[in-house]
Amino acid sequence: MMVSIADYGVGNLHSISKAIERSGAKIRVVKDMSRLAGSECIVFPGVGAFGAAVEKLGPASESIRRSITSGTPALGVCLGMQIMFERSEESPGDGLSVFKGEVERLSAARVPHMGWNEVSWDDDPLFDGVPPGSEFYFANSYVCRPEEEVTIGETEYGERFASAVRKGAVCGVQFHPEKSGLPGLKVLSNFVKIAEDAI
Amino acid sequence: MPLTKRIIPCLDVKDGAVVKGICFKGLRSVGDPPTLAVEYQRQGADEIVFLDVNASVSGLGTMRSAVRKTAENLFIPLTVGGGIRSFEDVRANLLAGADKASINSAAVEDPKLISRCAEAFGSQCVVVAIDAKRKGDGWEVYTRSGSRATGLDAVAWAKEAAERGAGEILLTSMDADGTKNGYDIELTRAVVRSVHVPVIASGGCGRTEHIVDVLKRGEADAALAASIFHYGELTVADVKRALEAEGILVRKVVET
């Protein structure tokens with residue numbers, strides 16, 4: 001399977017690329033967003049700010065959204081998860097609206113939420129084989145508020161929020177699996193398997 | 001469940017090799033950055049910091065190739081600092097494979113650089129490093145590897161940096177650095193209590209108890225240390241076990 005990694009041009013894509021390659025998938029980094037639709041599988045990495053990222057997606061948003069809603073597996077990481085929702089308090093601009101709901105600022109005493117925190121999940125293929133109680137690396141000031149039943153993992157930081165969502169082969173994680181050691185690598189290889197089974 | 005406290009080995013890098021400065025002087029070489037970073041990852045480090053201690057002399061290229069090589073096998077966050085002068089330097093480090101860039105002198109000289117980077121890359125990428133030295137009742141900010149007094153109050157500067165979009169403060173006590181007598185608890189707590197972003201305490205770590213102290217009494221979110229790890233005195237796993245025994249919440253160590 002060939003995984004397309006969306007490159008908004010602002011950050012580190014090495015780790016996510018390496019981690020996905022370790023799962024046996026091939027990767028290509030896509031700078032021209034209009035070439036994302038029609039990919040076998042899309043990953044939206046977690047670097048940058050909401051406004052800048054959705055601006056970069058620009059006119060390609062609609063075709064990407066259609067591609068994902070009609071079955072292209074996708075994974076959004078951190079900011080990448082947030083842009084899969086409808087809009088964000090962080091900055092104006094429309095998200096991909098693959099998931100219903102908005103992105104809001106975390107209500108905690110110390111923001112960004114930076115460091116390793118626990119994710120609790122019920123049985124879900126995205127967390128297959130991950131030791132319960134594992135911590136994952138977070139670096140976020142905003143969180144997604146899903147308005148549909150897609151939450152598969154939750155995390156506590158000042159409040160309880162959705163740290164993982166999934167609808168079929170379309171997944172979002174608020175943490176950085178590519179920066180979360182072995183549990184993170186396992187989540188990525190689980191995603192690759194979910195995606196391969198779906199295509 | 002609150003956030004776990006982070007243990008961050010710092011690799012002072014000079015001409016592509018790891019060194020540990022004693023009070024910013026008397027550097028000696030102790031190893032290869034990518035190898036050490038991966039070893040610390042194995043031991044359970046929560047993050048790695050690379051600090052280029054003579055960026056102006058060696059040029060930024062050496063560091064970037066070390067970052068690129070490290071990113072191949074590192075699946076925990078990597079912060080790069082030292083000699084980052086501009087928006088383009090920040091971008092170049094992130095593109096090379098760093099997750100965060102730490103800005104020190106350049107942020108003091110041009111505070112707008114902080115917000116510019118935060119807007120483009122997100123606050124989580126932007127660390128403002130502060131070198132502070134006791135002066136009267138407070139602490140003064142120094143730049144250029146501790147050689148230039150700025151007249152700025154460290155607590156006030158930390159607040160300003162956070163307001164301008166720094167996602168984290170990396171706070172080094174110049175008085176404590178290199179002494180191995182423990183972190184500056186008072187300085188750390190003063191900064192932690194005045195900002196709403198995470199604070200990494202640095203400078204002075206000689207024993208595990210120092211880390212316990214700065215996380216508990218100093219209220220730091222993370223502790224950075226160099227020599228106790230580099231010379232094989234203790235592994236990160238040793239430190240984490242000791243912290244757990246003290247009731248400090250840390251990420252479980254999965255040694256591989």
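No hydrogens, no waters, no symmetry mates; every other heavy atom, side chains included, goes into these values. Here is the naming used below: chain letters follow the sequence lines, and residue numbers restart at 1 for every chain.
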*More than 12 heavy atoms of other groups within 6.0 Å of A:Asp197 CG*: yes
_For the CZ atom on A:Arg160, are there more than 12 heavy atoms of other groups (residues, nucleotides or ligands in this structure) within a distance under 6.0 Å?_
yes
*chain B: which of A:Ala53, A:Ser120, A:Ala109, A:Ala108 shares the most heavy-atom pairs with it under 4.5 Å?*
A:Ala109
_Per-residue contact mode, B:Ala96 against chain A (heavy atom under 4.5 angstrom)_ = backbone
*Measuring from B:Asp99:CG to A:Ser15:OG, what's the distance to the nearest 0.5 Å?*
5.5 Å
*Give, as side chain, backbone, both or neither, the part of B:Val195 having an atom under 4.5 angstrom from any heavy atom of chain A.*
both
*Mark yes when over 12 heavy atoms from residues, nucleotides or ligands other than B:Lys159 sit less than 6.0 Å from its NZ; otherwise mark no.*
no
*Pick whichever of B:Cys125, B:Ala71, B:Gly122, B:Pro77 has the most heavy-atom pairs under 4.5 Å with chain A.*
B:Pro77
*With rounding to the nearest 0.5 Å, note down the distance linking OH in A:Tyr137 to CZ in B:Arg251.*
11.0 Å
*So which residues of residues 76-96 of chain A are in contact with chain B at a heavy-atom cut-off of under 4.5 Å?*
none
*Side chain, backbone, both or neither: which part of A:Leu13 has a heavy atom under 4.5 Å from chain B?*
neither
_Please classify the contact of A:Ser180 with chain B as side chain, backbone, both or neither, using a heavy-atom distance under 4.5 Å._
backbone
*chain B contacts: which residues in residues 17-32 of chain A have a non-hydrogen atom closer than 4.5 Å to it?*
A:Lys18, A:Ala19, A:Arg22
*For atom NZ of A:Lys193, is the number of surrounding heavy atoms from other residues, nucleotides or ligands below 6.0 Å larger than 12?*
no
*Are the side chain of A:His14 and the backbone of B:Leu95 linked by a donor-acceptor contact shorter than 3.5 Å?*
yes
_Short side-chain to backbone donor-acceptor contact, A:Glu135 and B:Lys252, under 3.5 Å_ = yes
*Taking the side chain as every heavy atom from C-beta outward, state whether B:Leu3 and A:Tyr157 have any pair of such atoms under 4.5 Å apart.*
yes
*Mind checking the NZ-CE spacing from B:Lys100 to A:Met114? Nearest 0.5 Å is all I need.*
4.5 Å
_Within this structure, what is the CD-CH2 distance for the pair B:Glu47 and A:Trp116, rounded to the nearest 0.5 Å?_
9.0 Å
*By a 4.5 Å heavy-atom criterion (distance strictly below it), what part of B:Val192 contacts chain A: side chain, backbone, both, or neither?*
both
*Which residue out of A:Pro177, A:Pro112, A:Gly184, A:Ala49 racks up the most heavy-atom pairs below 4.5 Å with chain B?*
A:Pro112
*Of the listed residues (B:Ala222, B:Ala162, B:Ala98, B:Ala118), which shares the most heavy-atom pairs with chain A below a 4.5 Å separation?*
B:Ala98
_Tell me whether the count of non-hydrogen atoms from other residues, nucleotides or ligands lying under 6.0 Å of CD in A:Glu148 goes above 12._
yes
*So how far is it from A:Lys179 NZ to B:Phe75 CZ, rounded to the nearest 0.5 Å?*
8.0 Å
*Output yes when a side-chain donor or acceptor of A:Arg110 lies under 3.5 Å from a complementary backbone atom of B:Val197, and no otherwise.*
yes
